Amino acid sequence: PGDPEAGELGLAAVPGRQAAFRQGLEAAVHYARAVGCPRIHVMAGRVPLGTDRAAVAGEMETTFIENLRYTADLLSQEDMIGLLEPINNRITDPRYYLNTPHQAAAILEKVGRPNLKLQLDLFHCQIMDGNLSRNLETYFPLIGHIQIAQVPGRHEPDSPGELNFPYIFELLESLGYTGYVGCEYAPKGDTLEGLGWLRSYWESRGLQHGG
């Protein structure tokens, strides 16, 4: 993520920080190798303070593509996947560079490496664009990881909010998704108690706990 105390949230698209990005990537690979994690989220980073997003967009994209090609080459030696996650700039982070699946897909096409994928967080996707069913179908070939949280509170999937997660889970199954679904939400209380939504979903599908 770079230097959080300096206001950084990733470095991959930040001009002038290429050396620090590569150092951080090597550290991430070291940790991933140690724990057997085959996927690494390559964080784009924020538009630099005091600069206009539109004015630096071209330079940031060029930097991002260059760093992603370096990433793909390094990760291919480790049999790992690099992931790009769009983060909404309406609520979560107004200065984050990568904001929509469309933007991420365009960059992935320009980079052109098969071991780079889309990390689709449905919380961010709903805030930026909605239309989740169509977006999941459209971007499914690019997806390397899914994350979930209810909108707008970013709590458990069965907390009050806009998203119908049983429908979304069944859609993912029908599309043939076999990867993990990351629960990137803030539990409203106790973590295990908060996983009641998962037990209910298992039961609705005829599965026993842990089955």
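The model shown is predicted, which means the values in this text are computed figures rather than measured ones.
- Atom CE of M60 and atom OG1 of T51 lie 7.5 Å apart (nearest 0.5 Å).
- Listed here is the closest heavy atom pair of Y96 and A44: OH-N, 2.8 Å.
- The main-chain N or O of N88 is never found under 3.5 Å from a side-chain atom of T92 such that the two would form a donor-acceptor pair.
- Counting heavy atoms from C-beta outward, V47 and P94 have side chains that stay 4.5 Å or more apart.
- The hydrophobic clustering, which links ILVMFWY residues whose side-chain heavy atoms are closer than 4.5 Å, places L175 and I143 together.
- In this structure, Y185 is not a member of the same hydrophobic cluster as M128, with clusters built from ILVMFWY side-chain heavy atoms closer than 4.5 Å.
- Looking at N99 and R53, their side chains come closer than 4.5 Å, going by heavy atoms from C-beta outward.
- Distance alone, capped at 3.5 Å, is enough to place a donor-acceptor pair between the H155 side chain and the A186 backbone.
- With rounding to the nearest 0.5 angstrom, the OG atom of S76 is 9.5 Å from the CG atom of L116.
- Salt-bridge formation is not detected for the pair K188/E156: no Lys NZ or Arg NE/NH1/NH2 atom is positioned less than 4.0 Å from an Asp or Glu carboxylate oxygen.
- Minimum heavy-atom separation, Q18 to N67: CG-OD1, 3.7 Å.
- Side chains of E8 and P1 form no contact here, defined as non-hydrogen atoms less than 4.5 Å apart.
- In terms of heavy atoms, L142 sits closest to A105 at CD1-CB, 3.6 Å.
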Determine, stepwise, if the pair E66 / Y70 fulfils side chain to side chain contact (heavy atoms under 4.5 Å, CB included). CA-CA 6 Å; E66 173 191 318; Y70 176 88; over 6 Å; no
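- Here the closest non-hydrogen pair linking N115 and A72 is ND2-O, 2.9 Å.
- A distance-only check finds a donor-acceptor pair linking the side chain of Q150 to the backbone of L163 [under 3.5 Å].
- For the residue pair L118 and A104, the shortest heavy atom distance occurs at CD1-CB, 3.8 Å.
- Transitive grouping of hydrophobic side chains (ILVMFWY, heavy atoms separated by less than 4.5 Å) brings M43 and V56 into a common cluster.
- Here CZ of F140 is found 14.0 Å from CG of N135. Values are rounded to the nearest 0.5 Å.
- Looking at heavy atoms from C-beta onward, I168 lies in side-chain contact with L136 at the 4.5 angstrom threshold.
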Tell me, with the steps shown, if Y31 and C37 meet side chain to side chain contact (heavy atoms under 4.5 Å, CB included). CA-CA 8 Å; Y31 286 121; C37 177; over 6 Å; no
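- Between M80 and R33 the shortest heavy-atom distance is CE-N, 3.7 Å.
- Side-chain atoms of P86 and L84, non-hydrogen and from C-beta on, never get closer than 4.5 Å to each other.
- Atom CZ of R95 sits about 12.0 Å away from atom CG of N89, to the nearest 0.5 Å.
- The 12-atom threshold is exceeded at CD of E173, counting heavy atoms of other residues, nucleotides or ligands nearer than 6.0 Å.
- You'll find the side chain of F21 reaches within 4.5 Å of the side chain of V42, heavy atoms only.
- L108 and L83 sit in two unconnected hydrophobic clusters of ILVMFWY residues. Membership requires side-chain heavy atoms under 4.5 Å apart, directly or through other members.
- Proximity of E26 to L74: side-chain heavy atoms (C-beta onward) are separated by under 4.5 Å at one or more points.
- With hydrogens and angles disregarded, a donor-acceptor distance shorter than 3.5 Å links the side chain of Q103 to the backbone of Y97.
- Linking ILVMFWY residues whenever their side-chain heavy atoms come closer than 4.5 Å, directly or via other members, places L172 and F123 in the same cluster.
- When each of D121, L120, L122 is checked for a side chain to side chain contact (heavy atoms under 4.5 Å, CB included) with H124, only D121 meets the rule.
- Residue-environment remark: CG (D79) stays at or below the threshold of 12 foreign heavy atoms within 6.0 Å.
- Using modelled atom types, no side-chain atom of Y177 and backbone atom of L171 make a donor-acceptor pair closer than 3.5 Å.
- Within the 3.5 Å criterion, the main-chain N or O of T191 finds no donor-acceptor partner in the side chain of E193.
- Counting heavy atoms from C-beta outward, F165 and W197 have side chains that stay 4.5 Å or more apart.
- The side chain to side chain donor-acceptor pair (under 3.5 Å) test with Q119 is passed by exactly one of H145, E184, Q147: Q147.
- Here the straight-line distance linking atom CZ of R154 with atom OG of S159 works out to 12.5 Å at 0.5 Å rounding.
- Between atom CG of residue L11 and atom CZ of residue R46 there is a gap of 11.0 Å, rounded to the nearest 0.5 Å.
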